[in-house]
Amino acid sequence: MQWKNDADCAVLLTFDFDGETMWESRVQQGLGDFDTPPIQSMGEYGGAAGMPRILDFLDEYDIPAGFFVPGKTVERYPDLIRRVDDEGHELGAHGYSHINPVAMSDEDELEEFRKANEAFEDVVGDVPVGFRSPAADMGKRTLDRLIDMGMEYDSTLMGSDVPYFIEAEGKEIVEIPWFWSQDDAPHFNFNMYPLVSYQSGLSSPADVRSIWQTEFDACYEEGLLFHLVMHPQIIGRPHRMKMLEDLVQHIKGHSDVWFARPKDITRYWRENVPENERDVRTV
Ligand SMILES: [Zn+2]
């Protein structure tokens, strides 16, 4: 695939800025007593330390990125959200309270979208054009709703190495895929209490860099989309950011790479993939 400016590879850095909703949503769903200060402070780290470090890093390397943020986190950190917007990054929808849509009624889901949009509107005067589901899960109802709402893209599914289209009732949405191996959470997420099901411990950054760099090299050779999914409360720790910086220096050593925001990739894909070559799917 030839990307914008004849680039051989598109590079997308996305960050899910969950903050305290990571644990609040579990309390809200009756999954346990996770509102104790030590547990909550793991979410607080994302806003207090991770986000400023990530934004400084993106500024230093002149990289535009995408941030998917629950409405509650938008309300809690308006200055950080304005900074994300002011510095040219994209804000994406990520629910209001970070509850899995599959666990919600139709009416509750609609209310989540309404409250999240209100939060974005209040803080940056605009609403997102893309969505990533909290908890990496959703049903057909949510996809149909995104299409119905006129969202330009979703970034929750994992069905390809490049964007594709999901169609429902004659309308379509672009899907920007990702995969767990390029997500920081399975590699680095660690909690003594409560245990989370997908944690593999405190991986060495060198091991993770090896996976991510090999993936980038392969995406570059094949002309694909290299997409990292990260969380400020996880990747934002100093030793992990050092690894990300080393990886970005490796990527920047290649001249024909396009660093883009999710909506840039969506619009490029929609405008440049010929109708008869589109990968269109239904769910
Ligand atoms: Zn999330």
Side-chain angles (χ1 to χ4, degrees), residues 12-29 31-32 34-35 39-51 54-55 65-77 80-81 84 89-104 108-109 112-113 115-117 119-120 123 128-139 142-143 145-146 151 153-158 175-191 194-200 227-237 240 261-262:
L12 173 60
L13 305 186
T14 59
F15 299 88
D16 296 356
F17 177 21
D18 301 318
E20 288 85 337
T21 65
M22 190 73 208
W23 307 110
E24 284 171 351
S25 59
R26 293 171 196 226
V27 176
Q28 209 175 331
Q29 292 173 90
L31 298 176
F34 303 143
D35 47 0
I39 296 174
Q40 286 296 333
S41 68
M42 290 189 288
E44 284 166 24
Y45 185 89
M51 280 295 286
I54 288 164
L55 288 167
F67 291 80
F68 294 93
V69 193
K72 265 191 184 177
T73 305
V74 174
E75 291 171 351
R76 190 172 271 138
Y77 296 98
L80 272 176
I81 298 303
V84 169
H89 305 298
E90 179 184 345
L91 288 160
H94 197 47
Y96 177 74
S97 48
H98 205 269
I99 290 178
N100 185 343
V102 173
M104 275 188 274
D108 287 350
E109 183 184 82
E112 284 264 320
F113 275 105
K115 282 159 69 179
N117 272 350
F120 280 109
V123 174
V129 299
F131 175 77
R132 172 172 295 148
S133 183
D137 195 12
M138 66 177 169
T142 306
L143 264 172
R145 170 162 280 140
L146 296 174
M151 280 279 189
Y153 71 89
D154 170 67
S155 183
T156 309
L157 309 186
M158 310 176 204
E175 181 62 41
I176 300 184
W178 67 289
F179 188 61
W180 291 109
S181 49
Q182 280 81 252
D183 184 319
D184 59 357
H187 299 298
F188 292 129
N189 212 8
F190 176 82
N191 307 305
L195 283 172
V196 291
S197 54
Y198 50 84
Q199 70 181 5
S200 53
H227 181 188
L228 291 181
V229 172
M230 298 169 281
H231 302 75
Q233 70 269 27
I234 299 173
I235 196 75
R237 301 270 167 189
R240 295 171 186 158
R261 301 167 299 182

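Indexing begins at 1, ligand by ligand and atom by atom, following the structure's order. Just the heavy atoms: all of them, side chains too, but no hydrogens, waters or symmetry mates, feed the values below. A quick note: this is a predicted structure, and the numbers were derived from the prediction, not measured.
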Nearest atoms (heavy-atom pairs only) where H94 meets F68: CB-C, 3.7 Å
H94, N/O/S atom nearest the Zn ion (ligand 1): NE2
Verdict with reasoning, E24 to R76, per salt bridge (charged side-chain N to carboxylate O under 4.0 Å, His left out): CA-CA 13 Å; E24 284 171 351; R76 190 172 271 138; 2.6 Å; yes
The Zn ion (ligand 1) contact by D16, N, O or S atom under 2.8 Å: no
Nearest non-hydrogen partners of N100 and Q29, listed with the distance: N-OE1, 4.4 Å
Candidate pair D16 and R132, rule salt bridge (charged side-chain N to carboxylate O under 4.0 Å, His left out), full reasoning: CA-CA 9 Å; D16 296 356; R132 172 172 295 148; 2.7 Å; yes
Angle, NE2 of H98 through the Zn ion (ligand 1) to OD1 of D18 - 10° precision: 90°
